There are 2 protein chains.
Amino acid sequence: MDDRKQKVLLAIIQDYVATAEPVGSRTIAKKYKLGVSPATIRNEMADLEDQGFIEQPHASAGRIPSERGYRYYVDYLMIKQELTRKEEDMIRREYETKVKEIGQVIQMTSQLLSQLTCYTAMVLTPRLGSSNFKHIQLVSMHPTQAMIIVVMDNGVVHNRMTEMPEGISASDMETLSRVLNAKLQGATIEDIKRTLLKEIYSELGKHRRILDMAMELIQDSLALRTGDKIYLGGVFNMLNQPEFHDVEKIKTMLSIMEQEKLLCDLLAGESREEGVTVRIGNEIKQRSIRDYSVVAAPYVLGGRKAGSVGVLGPTRMEYAKVIGVVDFMTRNLSQVLERMIQGRGK
Amino acid sequence: MDDRKQKVLLAIIQDYVATAEPVGSRTIAKKYKLGVSPATIRNEMADLEDQGFIEQPHASAGRIPSERGYRYYVDYLMIKQELTRKEEDMIRREYETKVKEIGQVIQMTSQLLSQLTCYTAMVLTPRLGSSNFKHIQLVSMHPTQAMIIVVMDNGVVHNRMTEMPEGISASDMETLSRVLNAKLQGATIEDIKRTLLKEIYSELGKHRRILDMAMELIQDSLALRTGDKIYLGGVFNMLNQPEFHDVEKIKTMLSIMEQEKLLCDLLAGESREEGVTVRIGNEIKQRSIRDYSVVAAPYVLGGRKAGSVGVLGPTRMEYAKVIGVVDFMTRNLSQVLERMIQGRGK
DNA sequence: TGTTAGCACTCTATGTTGTTGAGTGCTAAT
DNA sequence: ATTAGCACTCAACAACATAGAGTGCTAACA
């Protein structure tokens, strides 16, 4: 692959990414002054086509990059595009002013990602590590109603209403809370299941009914692990891409977006322990998405992969830009989350 | 408006709602055996057009109902379609098995609504009435981190992490919680602002830093009123309606769906204190939605309107069905929420 | 007087055909 | 190795023709 061929391929990709129209030899000669005539470029293009880097939609049209072409571009030709000063400032500002809890962080991230790229953003909720029991609190609401609140040590809070037998006063509940807290301090789910449960029951047996509810909630909390949820951003945004001029395309795209499970697999599966991963067209394992490309990367929490973010768009994607954005956003997201959970050390 | 004219209008509406194609006189004569010839029906149709109940898209096409036609249908011709036994059972089962907290109820409702109607569902989150302070709890997390949890008397829970000065033990926090709870019991926001604040500060002055945070959260909680949020369901669902064969239509529709505020106004504004409201086309005040119809109704909590649900679809809508569904769902939703908040009295 | 058959007319949707222009591949000259 | 020239291909577009659905009107009919 000599130098000029690379230049031609680069030109084709850049032009096609920008215009979504097949690129002809004349266009390249004019716009990307390589100092040679269209005829020469035609020869190079014929070669590139033989090697599978570009293809012709039909006989008398220009060329478009093939998946292999994009792959070559991403691996060898592309220069990652860093965010501008302005963009970085904007992002930091958004996080600082508008975000107060973990759900908002995730949502904001997906919004920013799609806004910066014009494609669809996906963010997987973080698995918040350890998740052991921290605190339980029973609060009397109505005469016959109580709320059970469970706090996990990663900062997740669960709560549930429950019916309560008559004749339990608010101070009874306070006592119950205190005893339970003392017993359960720092316990893992195994501890609770194996040993503590019996101990507690024998001690507080008369409040069996409430205990049952409390235990159920604690177990749910421990089991739930903030069940992998995926946030999408800018699905609608992407419809402005010319690949969606056709109603059928829109529908199939939207039906993919509806399949949460598929998208979770996509994100969880594609991104490795570290760094940005790019999957182009058929490189994606999920069959139904083979017309698109994904740029994904994990974000970390306490040094370990906690979740992933990704951008989904047509194979004709601004890879340089998207990769830059995804890279920045994952690092930023890690920081923001870390600060939020560990405390915003001044 | 004589009897036969009504029958013709009814036939036109039913057929057009079913097929989305302009209806001709032949079709009516054949399918809706009125016992007269197409020519007679043509005469009736000419009259109906003069009166503004139907219109012709172009000279040699059949007729389609006008907004006035739909209005007449909804007011005088239509027979509300109750849900089938099967559907009702399905709904009840879904709520019972899958729904454990208030957010899920709302989401499930919008899902079911859109599923049953094939249009887009909108559900406004409930305003949970009073919303006074019920309980506060400080929980020590890390050595320098604490969580503040505030419970409101309508069952809403807010929580926030905060930094904590060194040298405050877990039992200090327990004490703090207890004193605060005692002081604040059942207080409204005014109480807190006017009198209690000073009292508490003078008593617990040395923990000023924590108090500030706690008070901030309480005030936020009182102010937030679970800020009117809207849940949409089945936006994509609706794309299968033939009115969306055109890309532009899809885009404008989706851009409407993105404007949360607009939709909130729509729902909050259109539905009165009680019962199902139907707004057809231009009857909708919001300009940008004038091509659609809305069927909305409020749901109640403790005897007062707490929120609204609605269905948004093309003017060519199955009003009979949709009205039945909306009616049933609001009543059911009221019940489910009531039970959830007041306690699931057996 | 209300109903109906018949018919001319209208207009969209669909298909056909011709034309244009962008772009190629090949060849021969440089 | 590069390039000008040229014949060729094919999608896109426009112009035109055709078919058919549906109407409104008129005149005949019960």
Side-chain angles (χ1 to χ4, degrees), chain A residues 1-9 11-16 18-66 69 242-243 245-247, chain B residues 1-9 11-16 18-66 69 242-243 245-247:
Chain A
M1 177 77 110
D2 70 39
D3 188 58
R4 195 172 60 194
K5 270 200 187 50
Q6 290 198 345
K7 284 209 178 102
V8 172
L9 178 56
I12 292 175
I13 291 180
Q14 286 180 348
D15 207 77
Y16 184 66
T19 65
E21 298 288 326
V23 190
S25 52
R26 262 180 69 87
T27 315
I28 294 180
K30 244 193 303 181
K31 278 211 265 183
Y32 299 83
K33 354 209 150 188
L34 304 189
V36 292
S37 78
T40 310
I41 294 184
R42 278 206 287 283
N43 288 327
E44 301 284 24
M45 284 165 86
D47 289 354
L48 283 169
E49 186 165 2
D50 285 345
Q51 294 167 64
F53 291 113
I54 57 179
E55 24 188 67
Q56 249 179 324
H58 59 263
S60 80
R63 302 308 213 292
I64 63 175
S66 67
E243 0 278 299
H245 60 83
D246 168 26
V247 184
Chain B
M1 177 77 110
D2 70 40
D3 189 60
R4 194 173 61 194
K5 270 199 186 52
Q6 290 197 344
K7 286 210 178 99
V8 172
L9 179 55
I12 292 176
I13 291 180
Q14 286 180 348
D15 206 77
Y16 184 65
T19 65
E21 298 288 327
V23 190
S25 53
R26 263 181 67 86
T27 314
I28 294 179
K30 244 193 304 180
K31 278 212 266 185
Y32 299 83
K33 356 208 149 188
L34 304 189
V36 291
S37 76
T40 310
I41 294 186
R42 279 204 286 283
N43 289 328
E44 300 286 24
M45 283 164 88
D47 289 353
L48 283 169
E49 185 164 2
D50 286 344
Q51 294 166 66
F53 292 114
I54 56 178
E55 21 188 70
Q56 248 178 325
H58 58 262
S60 79
R63 304 305 215 291
I64 63 176
S66 67
E243 359 278 302
H245 59 82
D246 168 26
V247 183

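Treat the numbers as computed from the prediction; the structure is a model and nothing was measured. Lettering of chains follows the sequences in order, A, B, ..., and the numbering in each one begins at 1.
The distance from atom CD of B/Glu44 to atom P of D/dT23 is 13 Å, rounded to the nearest whole Å. Per the geometry, CG belonging to A/Asp15 stands 14 Å off C1' belonging to C/dG23, to the nearest Å. Note: CD (B/Glu55) to P (D/dT23) measures 15 Å, nearest angstrom. Remark: C1' of C/dG23 and CD1 of A/Ile54 are 13 Å apart, rounded to the nearest angstrom. Between the P atom of D/dT2 and the CG atom of A/Asp47 lies a distance of 11 Å, rounded to the nearest Å. Between the CD1 atom of A/Ile28 and the C1' atom of C/dT24 there is a distance of 13 Å, rounded to whole Å. In this structure, NZ of A/Lys30 is placed 17 Å from P of D/dT3, rounded to the nearest angstrom. Per the geometry, CG belonging to A/Asp50 stands 12 Å off C1' belonging to C/dG25, to the nearest Å.
Residues B/Ile54 and B/Ile12 approach most closely at CD1-CD1, 3.8 Å, considering heavy atoms.
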Contact pattern, 5' to 3', of nucleotides 4-22 of chain C - B, S or - by protein heavy atom under 4.0 Å
BBB---BBS---------B

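Applying the side-chain hydrogen bond (donor to acceptor under 3.5 Å, both in side chains) rule to A/Asp50 yields no partners; only residues at least two apart in sequence or on another chain are considered. Remark: B/Glu55 pairs with no residue by the salt bridge (Lys or Arg N to Asp or Glu O under 4.0 Å) rule, at least two apart or across chains. With sequence neighbours left out, the salt bridge (Lys or Arg N to Asp or Glu O under 4.0 Å) criterion links B/Glu243 to B/Arg316. For B/Gln56, there are no side-chain hydrogen bond (donor to acceptor under 3.5 Å, both in side chains) partners at least two apart in sequence or on another chain.
Judged as a ring pair (Phe, Tyr, Trp, His ring centres under 6.0 Å), the pairs with a partner in residues 35-55 of chain B (not counting sequence neighbours) are, in order, B/Phe53-B/Tyr72.
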